[in-house]
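The structure under discussion appears below in the form of structure tokens.
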Amino acid sequence: MASLLAALASLCWQPCAAQGVFAGAWDVVGAQDAPWLAARKELKAHPEPLLRKAHFEFGAHRLGAPGWMGCKKPKYEMMSLPFDNLFEGGLSDPDHGLNNPAQLASKLGFTAEPVPSMLTGCTELLFHLVDKDTAVFGLNNMIYTLRRAAAR
């Protein structure tokens with residue numbers, strides 16, 4: 001995966017390089033309760049109505065997204081995260097019986113770590129790449145799935 005990131009980054013000029021493998025159009029294709037809810041009965045999922053069938057476009061000079069999630073002049077920050085750091089550490093919570101972040105990550109489709117992840121600078125949403133055409137992010141105890149959109 002690291003070689004894929006490097007190859008794609010080299011194809012873009014500086015602003016484009018930041019969003020690398022996330023560049024382009026994506027559609028929200030699903031949402032599910034976050035896996036940590038099973039262990040944390042006091043927490044509830046709160047679906048975001050703006051994300052129902054939403055469209056994201058990660059561009060060099062603009063993040064097109066619903067409502068408060070988009071912005072002009074995003075400041076993309078790429079990182080590589082181990083499974084236990086995904087979703088702000090939500091997959092690893094030994095105090096609540098979540099002792100196997102790799103197993104929970106696998107249920108979400110992740111097959112290898114570290115996971116290419118990206119902050120946009122527009123919000124605190126952190127996008128995680130499952131495979132070249134699938135990404136996920138967490139919001140309000142929900143996990144949203146994005147698929148790369150067909151050429152428009």
Side-chain angles (χ1 to χ4, degrees), residues 1-37 40 43-93 101-102 104-152:
M1 189 61 75
S3 61
L4 176 63
L5 280 172
L8 287 173
S10 69
L11 296 176
C12 300
W13 49 284
Q14 188 58 32
C16 179
Q19 81 269 25
V21 295
F22 290 92
W26 297 76
D27 294 315
V28 173
V29 296
Q32 62 184 315
D33 289 353
W36 53 86
L37 289 179
R40 304 280 310 269
L43 299 177
K44 302 291 181 218
H46 298 283
E48 175 59 63
L50 284 175
L51 291 172
R52 187 181 175 123
K53 298 183 181 181
H55 181 75
F56 285 77
E57 188 138 356
F58 299 104
H61 302 290
R62 180 178 173 276
L63 167 55
W68 55 270
M69 295 171 231
C71 71
K72 293 180 182 177
K73 299 182 182 177
K75 295 181 180 10
Y76 298 109
E77 180 183 344
M78 295 296 298
M79 58 195 77
S80 295
L81 299 176
F83 293 145
D84 62 347
N85 284 359
L86 298 177
F87 310 107
E88 299 178 17
L91 301 183
S92 179
D93 187 353
L104 293 175
S106 176
K107 289 180 180 179
L108 293 170
F110 295 101
T111 58
E113 60 183 330
V115 175
S117 300
M118 179 183 71
L119 281 168
T120 65
C122 303
T123 68
E124 293 182 9
L125 295 179
L126 186 55
F127 296 85
H128 307 290
L129 197 66
V130 175
D131 61 46
K132 70 180 187 69
D133 293 319
T134 308
V136 295
F137 68 94
L139 178 65
N140 299 331
N141 295 314
M142 298 286 299
I143 304 295
Y144 292 90
T145 301
L146 300 168
R147 288 265 160 61
R148 193 173 298 278
R152 296 180 184 266

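In this chain, numbering begins with 1 at the start of the sequence shown. Owing to the predicted nature of the structure, the values given are computational and were not obtained by experimental measurement.
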Could you check if a side-chain atom of [X] sits within less than 4.5 angstrom of a side-chain atom of [Y], using non-hydrogen atoms only?
| X | Y | answer |
| --- | --- | --- |
| L51 | M142 | no |
| M79 | L126 | yes |
| L86 | V115 | yes |
| L108 | H128 | no |
| L63 | E57 | no |
| L139 | L125 | yes |

- Just say parallel, tilted or perpendicular for the rings of W36 and F87, cut-offs at 30° and 60°.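 It falls in the tilted class, 30° to 60°.
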- Between F22 and F58, what is the ring plane arrangement, given parallel below 30°, perpendicular above 60°, and tilted in between?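 Answer is perpendicular, since the angle exceeds 60°.
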- To the nearest 0.5 Å, tell me how far N85 CG sits from E113 CD.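 N85 atom CG to E113 atom CD measures 9.0 Å (nearest 0.5 Å).
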- Message: If the test is side-chain hydrogen bond (donor to acceptor under 3.5 Å, both in side chains), which one of D131, T134, D27 qualifies with R147?
- Response: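 Single side-chain hydrogen bond (donor to acceptor under 3.5 Å, both in side chains) partner of R147 among D131, T134, D27: T134.
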- Message: Suppose we screen for ring pair (Phe, Tyr, Trp, His ring centres under 6.0 Å). Which residues come up paired with F137, at least two apart in sequence or across chains?
- Response: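 In terms of ring pair (Phe, Tyr, Trp, His ring centres under 6.0 Å), with neighbours along the sequence ignored, F137 is linked to F56, F127, Y144.
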- Any residue meeting salt bridge (charged side-chain N to carboxylate O under 4.0 Å, His left out) with D133, in chain and number order, not counting sequence neighbours: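 If we apply the salt bridge (charged side-chain N to carboxylate O under 4.0 Å, His left out) test to D133, skipping adjacent residues, the hits are R148.
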